[in-house]
Amino acid sequence: QVQLVESGGGLVQAGGSLRLSCAASGRTFSNYAMGWFRQAPGKEREFVAAISRSGVSTNYADSVKGRFTISRDNAKNTVYLQMNSLKAEDTAVYYCAAGLTTYASSRRTDFGSWGQGTQVTVSS
């Protein structure tokens, strides 16, 4: 499995921006599609965004389209989530995930490696 460590979470006011990073180690990063998921208190973990192995294809949840951007740097073994125009409902723990799928999947079951999560809190 690949090891994943998220960073960049924090407290931000509504309308603000944050950039999450996820550093991978242990396996060939470019072999993995990468995803971001989030889990709010009392709710199930939900899909946010995904990116294919090469970075050519991306996929977003409807709730974040136009506000969030996923990207990756295979030379740095890192995937990013740029979050703009943040809303209170974006408050959650954000998890980075890696999977050996060939496309930018939105399915949790396609991702076998997960990070510990980073807290994002948006104050209204």
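Cluster membership for Ile70 and Met83, using ILVMFWY side-chain heavy atoms within less than 4.5 angstrom, is shared. Grouping the Ile, Leu, Val, Met, Phe, Trp and Tyr side chains by contacts below 4.5 angstrom, directly or via other members, places Tyr95 with Phe111. Transitive grouping of hydrophobic side chains (ILVMFWY, heavy atoms separated by less than 4.5 Å) brings Leu81 and Leu4 into a common cluster. Note on Leu100 and Phe29: same hydrophobic cluster, where clusters join Ile, Leu, Val, Met, Phe, Trp and Tyr whose side-chain heavy atoms are under 4.5 Å apart, directly or indirectly. Both Val48 and Val79 sit in one connected hydrophobic cluster of ILVMFWY residues. Membership requires side-chain heavy atoms under 4.5 Å apart, directly or through other members.
Separating the CH2 atom in Trp36 from the CG atom in Leu20 is a distance of 4.5 Å, to the nearest 0.5 Å. Note that CD of Gln82 is 8.5 Å distant from CG of Leu18, once rounded to the nearest 0.5 Å. Taking OH of Tyr94 as the reference point, atom CZ of Phe68 lies at 4.0 Å (rounded to 0.5 Å).
Looking at every heavy atom in both residues, Ser105 comes nearest to Phe47 through O-CE1, 3.6 Å.
In this structure, Val56 shares a hydrophobic cluster with no other residue, the cluster being traced through Ile, Leu, Val, Met, Phe, Trp and Tyr side chains under 4.5 angstrom apart.
Each side-chain hydrogen bond (donor to acceptor under 3.5 Å, both in side chains) pair with one or both residues in residues 114-124, not counting sequence neighbours, appears once here: Gln119-Thr121. Residue pairs meeting the side-chain hydrogen bond (donor to acceptor under 3.5 Å, both in side chains) criterion with at least one member in residues 66-80, sequence neighbours excluded, are Arg67-Asp90, Arg72-Asn74. Residue pairs meeting the side-chain hydrogen bond (donor to acceptor under 3.5 Å, both in side chains) criterion with at least one member in residues 6-34, sequence neighbours excluded: Ser17-Asn84. Every pair passing side-chain hydrogen bond (donor to acceptor under 3.5 Å, both in side chains) that includes a residue from residues 43-61 is listed here, sequence neighbours excluded: Arg38-Glu46, Gln39-Arg45.
Applying the side chain to side chain donor-acceptor pair (under 3.5 Å) criterion to Arg107, with sequence neighbours excluded, gives Asp110.
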